[in-house]
Structure formats: structure tokens, C-alpha cells
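Everything below concerns the one structure shown next.
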Amino acid sequence: MRSGEQSVANATINREAVSRGPVDLGGVAVTDAYDLDAEYVIHAAAMPHYGDGRATAESVRDATRNTLERADGLGCESLVIPALGCGVAGFPIEEGARIIAEEIDAFEPESLSDVRFIAYSDAEYETVSRVAEAVRATE
């Protein structure tokens, strides 16, 4: 996809997502993926729309669990999930990665067979990888 196409897809997805809100803290909304290489985009509310706008352990856990459940309920076979609440919402990446990895590990899907936890920077990738390995080691 060329960058101009991505901008159009992002704007269209954003408009549809806004039309489905507001979403309760920890909840999710589903939109079409339009020109992206996916069927759906699941938008998770890991930070409140009021007050200081900071994510909490509970909101990260709920948003992750609800994302997994919604993707599975839609019959998705794969899901890519970012570090919910750990960007502008200000939740610590190490703690957020642990919560997300624990939720992925504990989830018992019916259709999901490939869940990928993605990172946006080398530093975030190192943290996510290390934490995910530690969660797997405690099984």
C-alpha cells in the first residue's frame, strides 16, 4: 500500500471508529479494515476519555481480554495487538507488556490460532520480547 492510500484508509477507519463511540473503558469497537490487509480493525479503549486520561492495569487487562474475545467471536484466525495503553495513555511498557502477555497466554480461543503482540520501536520490542518470554516460562 502506498502512503497516500494508507492515509485515506486511516481517515476512513477513524471516522467509522468515532461514529461507534464513545466506548466504555476496557471495551472495544469494530470497524471495517477498508484497504488494510485485514478484515476488521478492533479499537480497544485502554485509557479513559475523561480526567487525566491515563491507562490503568485494569483498563489494559480489560481492553486486552475484550479484544481477544471480540476477535475470536468474529471468527478471526489471527490478530495483531499493540501495547495497549502504553503509548499516549502513559502506562509503563514493562507492566503493560506483562499484563497483555498474561492475557494472551490465558486466553482459550475457538478460532484464533495466531496472536501477535507487536512493538513500534527497538526498545519496545526488547521489552515486549523479554516480558513475553518470562510469562511463557511461568507456565
Side-chain angles (χ1 to χ4, degrees):
M1 177 180 323
R2 295 183 301 265
S3 63
E5 291 172 339
Q6 185 173 6
S7 296
V8 170
N10 287 343
T12 305
I13 290 169
N14 189 56
R15 275 194 303 277
E16 185 179 343
V18 168
S19 76
R20 298 190 187 285
V23 174
D24 291 335
L25 188 59
V28 299
V30 179
T31 64
D32 188 279
Y34 296 93
D35 293 331
L36 300 177
D37 188 19
E39 290 185 49
Y40 308 101
V41 175
I42 300 173
H43 307 265
M47 67 183 247
H49 304 287
Y50 51 83
D52 68 2
R54 310 284 286 181
T56 65
E58 181 180 0
S59 68
V60 171
R61 187 172 304 284
D62 289 347
T64 302
R65 185 178 314 112
N66 288 329
T67 298
L68 292 162
E69 289 173 358
R70 190 64 181 271
D72 200 53
L74 288 167
C76 297
E77 294 176 5
S78 64
L79 174 70
V80 176
I81 190 166
L84 298 169
C86 297
V88 296
F91 198 74
I93 183 67
E94 185 145 350
E95 187 177 353
R98 181 186 52 75
I99 291 168
I100 294 165
E102 287 172 352
E103 287 300 315
I104 292 170
D105 188 56
F107 189 68
E108 295 183 14
E110 292 183 21
S111 65
L112 275 173
S113 59
D114 181 17
V115 177
R116 296 177 188 217
F117 185 179
I118 61 167
Y120 291 105
S121 68
D122 290 342
E124 190 175 285
Y125 175 80
E126 293 299 324
T127 300
V128 167
S129 295
R130 179 176 40 77
V131 171
E133 278 301 315
V135 167
R136 277 190 222 115
T138 62
E139 293 180 348

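Just so it is clear, the model here is predicted, and its values are computed rather than measured. The basis for the numbers below is simple: all heavy atoms, side chains too, and nothing from hydrogens, waters or symmetry mates.
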Item to check | Electrostatic pair Arg20-Glu16, nearest N-O below 4.0 angstrom | outcome: yes
Item to check | Side chain proximity check, Val60 to Glu103, heavy atoms < 4.5 angstrom | outcome: no
Checklist outcome for this item: Rounding to 0.5 Å, atoms OG1 (Thr56) and CD1 (Ile99) come to a distance of 8.0 Å
Checklist entry - Are Arg98 and Glu102 close enough for a salt bridge, meaning some N to O gap below 4.0 Å? => result yes
Item to check | Salt-bridge present (Arg61, Glu58; N to O < 4.0 Å) | outcome: no
Item to check | Closest contact, heavy atoms only, Ala55 versus Met47 | outcome: N-CB, 4.2 Å
Item to check | Beyond-backbone contact of Val30 with Arg70, side-chain heavy atoms, under 4.5 angstrom | outcome: yes
Checklist entry - Hydrophobic clusters join Ile, Leu, Val, Met, Phe, Trp and Tyr when side-chain heavy atoms are under 4.5 Å apart, directly or via other members; which others share one with Ile118? => result Val80, Tyr120
Item to check | Arg15 side chain reached by Val18 side chain, heavy atoms, under 4.5 Å | outcome: no
Item to check | Test item: Leu84 and Pro82 side chains (from C-beta on) under 4.5 Å apart, heavy atoms | outcome: yes
Checklist entry - Where do Val135 and Ile104 land on the side chain to side chain contact (heavy atoms under 4.5 Å, CB included) test, with the steps shown first? => result CA-CA 10 Å; Val135 167; Ile104 292 170; over 6 Å; no
Report, one line per pair, each donor and acceptor closer than 3.5 Å where one atom sits in a side chain of residues 108-115; sequence neighbours left out.
unit_1 : atom_1 : unit_2 : atom_2 : d
Ser111 : OG     : Asp72  : O      : 3.2
Ser111 : OG     : Asp72  : OD1    : 3.0
Ser111 : OG     : Cys76  : O      : 2.8
Ser113 : OG     : Glu77  : O      : 3.4
Asp114 : OD1    : Arg116 : NE     : 3.1
Asp114 : OD2    : Arg116 : NE     : 3.0
Asp114 : OD2    : Arg116 : NH2    : 3.1

